[in-house]
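What follows is a single structure, written as structure tokens, with notes after it.
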Amino acid sequence: DNGFTADNGAGIYFSGSSSTILHCTLAHHQATGMGGGIYNTNGTLRIIDSDIRENSAASGAGVYTYNGDTFLINTLIEENESSGKGAGIYQIEGSLDVINCTIIENVSADEGGGLYDYYIGSAESGWENTDIDLRNSIFWNNDPDGVKVLNDVNNQIDINNCNLQEFLDGSIGENNISEDPNFIWGVHVYSNSPCIDVGTSEGAATTDMDGDIRPYGVETDIGVDEYTDADADAMPDWFEAEYGVSDPAADADSDGLTNLDEYENETDANDADSDDDTLSDGDEVHLYGSDPNSADGDEDGLPDAWEIQYGMDAAISSATGDFDQDGYLNYEEYAAGTDPSNSDSDGDGMADGWEVDYGFDPLVAADASLDTDGDGLTNAEESELGTDPNDADSDDDGLQDDEESNPLTYDPWADPDGDYTPNYYESRYGTDATDASSKPSASYYVDASAASNGTGAVDSPFLTIQA
């Protein structure tokens with residue numbers, strides 16, 4: 001699990017050797033060519049009780065085998081990704097045996113998400129033919145298809161007692177099924193899985209991935225897991241051994257879930273808070289309906305505990321809602337640290353969303369008494385009036401917001417104080433538009449040569465009379 005990069009065989013490259021890989025994990029390797037996890041050519045390779053996951057390559061992201069003899073037994077091949085074909089396994093010539101394996105969620109850009117068999121031509125063309133034996137194995141949720149092989153007269157293809165999501169021609173083998181494996185705890189099978197007791201003991205693995213003896217029931221199970229429950233208490237033996245529990249009705253960690261509940265919910269029987277989100281597993285399951293294995297079960301970017309603290313449903317995405325109707329979305333409230341259940345988190349009379357829109361801090365109350373735009377109105381008053389706290393004249397009518405009875409309406413010719421002087425002139429000459437006794441003085445200009453009306457100096461063509 002070191003994330004190596006190479007042209008071919010980034011994880012391990014075998015050529016002309018006889019080798020065995022036992023109890024190994026090969027993950028996160030990248031090949032620009034073939035074999036992200038393993039490349040085997042002209043040799044015999046046995047891969048037993050291993051996990052090959054999350055590797056990438058142009059072809060054969062998990063395993064690439066060319067003109068070799070490759071045996072996969074009790075091995076998990078999952079989540080490998082190929083930019084070409086055969087994300088899980090890519091086979092050319094030679095032989096391939098896949099026994100009691102689980103091949104799931106591998107993705108190819110082209111064909112054979114789970115397994116691709118490259119058939120080149122007839123034996124006369126100089127190419128060797130393929131011998132494939134798939135037995136007691138699961139191919140599920142691979143994209144675009146689980147198994148892509150050519151059942152040609154020159155190829156020996158045997159597929160028996162397998163669970164194939166894309167069901168193949170019945171002539172390839174017998175006793176194959178195509179049913180949801182019903183996985184639990186990764187690739188363990190649940191007690192009602194269709195994979196139980198439908199395999200064949202002929203050539204089967206003698207133990208499963210947990211070391212349990214096969215077969216446990218009337219026949220061996222399909223896949224890497226053999227369902228065993230010696231005391232018939234609905235908790236499989238591996239779970240009891242791993243968590244040290246035996247009584248299904250007991251509650252080992254006192255979290256409100258019985259040991260059987262812990263198994264069925266895939267939670268830690270010895271940890272009251274499996275996902276460390278401050279909510280007990282029991283409360284998440286029984287009270288809130290949230291996911292006890294994820295701190296953000298609905299994947300909305302809001303922690304379950306935060307959503308529950310403020311009365312939201314942690315099982316339903318709430319990120320783009322506005323719980324308190326303050327114009328500030330829930331995910332914005334979470335990021336800012338504001339209270340999504342209180343439209344005015346700092347209690348300053350200004351809604352959180354309004355404060356953020358105009359560049360104020362919704363967690364600082366002191367900004368309410370400021371007059372940011374110097375128009376004579378505090379920010380709190382601007383919020384109440386609906387004016388712009390960063391613009392002294394919100395309606396751009398030439399009057400400051402504090403000079404108007406309706407500062408959001410453009411009305412320069414209104415006369416609220418009834419002094420026959422419009423607001424525009426009152427503002428221009430500095431008088432009070434709300435006080436009739438305060439009005440600008442008028443200036444009249446007459447032609448002094450026409451008459452001797454008024455007073456003033458007659459030594460100029462005009463004289464000014466102040467009213």
Side-chain angles (χ1 to χ4, degrees), residues 79 105 141 143 183-184 255-257 261-262 264-268 271-370 372-373 377-391 394-395 401 406-409:
E79 298 181 18
E105 298 180 4
N141 281 347
D143 187 35
F183 290 127
I184 187 172
D255 63 356
L257 293 181
D261 289 336
E262 302 267 14
E264 294 183 335
N265 285 280
E266 301 184 44
T267 48
D268 188 332
D271 185 347
D273 182 10
S274 296
D275 56 7
D276 297 322
D277 64 354
T278 73
L279 303 172
S280 73
D281 295 343
D283 283 350
E284 293 216 56
V285 172
H286 296 310
L287 187 58
Y288 305 123
S290 52
D291 186 348
N293 290 299
S294 172
D296 180 15
D298 54 10
E299 298 181 346
D300 62 356
L302 306 177
D304 292 346
W306 187 85
E307 294 187 79
I308 290 167
Q309 177 185 352
Y310 291 109
M312 302 179 200
D313 189 338
I316 300 175
S317 177
S318 308
T320 56
D322 184 3
F323 194 61
D324 54 9
Q325 300 296 305
D326 62 354
Y328 207 27
L329 300 183
N330 295 332
Y331 79 90
E332 295 173 317
E333 302 249 22
Y334 171 68
T338 51
D339 183 343
S341 63
N342 183 351
S343 61
D344 182 11
S345 296
D346 55 8
D348 61 359
M350 302 185 294
D352 294 345
W354 188 89
E355 292 201 62
V356 172
D357 286 344
Y358 289 108
F360 305 126
D361 190 334
L363 293 174
V364 175
D367 52 15
S369 60
L370 301 178
T372 304
D373 55 9
L377 296 177
T378 66
N379 294 333
E381 291 171 328
E382 302 252 20
S383 172
E384 183 177 354
L385 290 169
T387 51
D388 185 340
N390 297 311
D391 185 348
S394 296
D395 55 8
D401 292 344
N406 188 350
L408 293 175
T409 301

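Counting begins at 1 with the first residue of the sequence.
Side chain of Asp304 to main chain of Gly297: a donor-acceptor pair is present (N/O by atom type, distance under 3.5 Å, no hydrogens or angles). No donor-acceptor distance shorter than 3.5 angstrom exists from the side chain of Asp388 to the backbone of Ser394, with no hydrogens or angles considered. Without hydrogens or angle criteria, Asn330 side chain to Phe323 main chain gives a donor-acceptor distance under 3.5 Å. Here the side chain of Thr378 pairs a donor or acceptor atom with the backbone of Glu381 at under 3.5 angstrom. Asp296 contributes a side-chain N or O that, together with a main-chain N or O of Gly301, makes up a donor-acceptor pair within less than 3.5 Å.
Met350 approaches Glu355 most closely through the heavy-atom pair O-OE2, 3.3 Å. When all heavy atoms of Asp275 and Asp273 are compared, the pair lying nearest together is OD1-OD1, 2.8 Å. Residues Asp401 and Glu382 come closest through the heavy atom pair OD2-OE1, 3.5 Å. Ala319 and Leu329 get closest at one heavy-atom pair: O-CB, 4.1 Å. When all heavy atoms of Asp277 and Ser294 are compared, the pair lying nearest together is OD2-O, 4.1 Å. Contact record, Pro362 with Ser345: O-CB, 3.9 Å, taken as the closest heavy-atom pair.
How far CG of Asp361 is from OG1 of Thr338: 9.5 Å, rounded to the nearest 0.5 Å. Annotation: the span from Asp281 atom CG to Asp271 atom CG amounts to 6.5 Å, rounded to 0.5 Å. A distance of 5.0 Å separates CG of Asp352 from CD of Glu333, quoted to the nearest 0.5 Å. For the atom pair CG of Asp300 and OG of Ser317, the computed distance is 4.5 Å after rounding to the nearest 0.5 Å. Distance check: Ser383 OG to Phe360 CZ gives 9.5 Å after rounding to the nearest 0.5 Å. One distance of note links OG1 of Thr372 with CG of Leu377; it measures 11.0 Å at 0.5 Å rounding.
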Step by step, would you call Glu307 with Tyr334 a side chain to side chain contact (heavy atoms under 4.5 Å, CB included)?
CA-CA 9 Å; Glu307 294 187 79; Tyr334 171 68; over 6 Å; no
Check step by step if side chain to side chain contact (heavy atoms under 4.5 Å, CB included) holds for Asn379 and Tyr358.
CA-CA 10 Å; Asn379 294 333; Tyr358 289 108; over 6 Å; no
Does the side chain to side chain contact (heavy atoms under 4.5 Å, CB included) test come out yes or no for Asp143 and Asn141, once each step is laid out?
CA-CA 6 Å; Asp143 187 35; Asn141 281 347; over 6 Å; no
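For CD of Gln325, the number of neighbouring non-hydrogen atoms (other residues, nucleotides, ligands) closer than 6.0 Å is greater than 12.
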Please output the side-chain donor-acceptor pairs of residues 283-292 that fall under 3.5 Å, not counting sequence neighbours, one pair per line with the distance.
{"unit_1": "Asp283", "atom_1": "OD2", "unit_2": "Ser280", "atom_2": "OG", "d": "3.4"}
{"unit_1": "Glu284", "atom_1": "OE1", "unit_2": "Ser290", "atom_2": "OG", "d": "2.6"}
{"unit_1": "Asp291", "atom_1": "OD1", "unit_2": "Asn293", "atom_2": "N", "d": "2.8"}

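At a cut-off of 3.5 Å, with distance as the only test, a side-chain donor of Ser341 or Asp339 sits close to an acceptor on the other residue.
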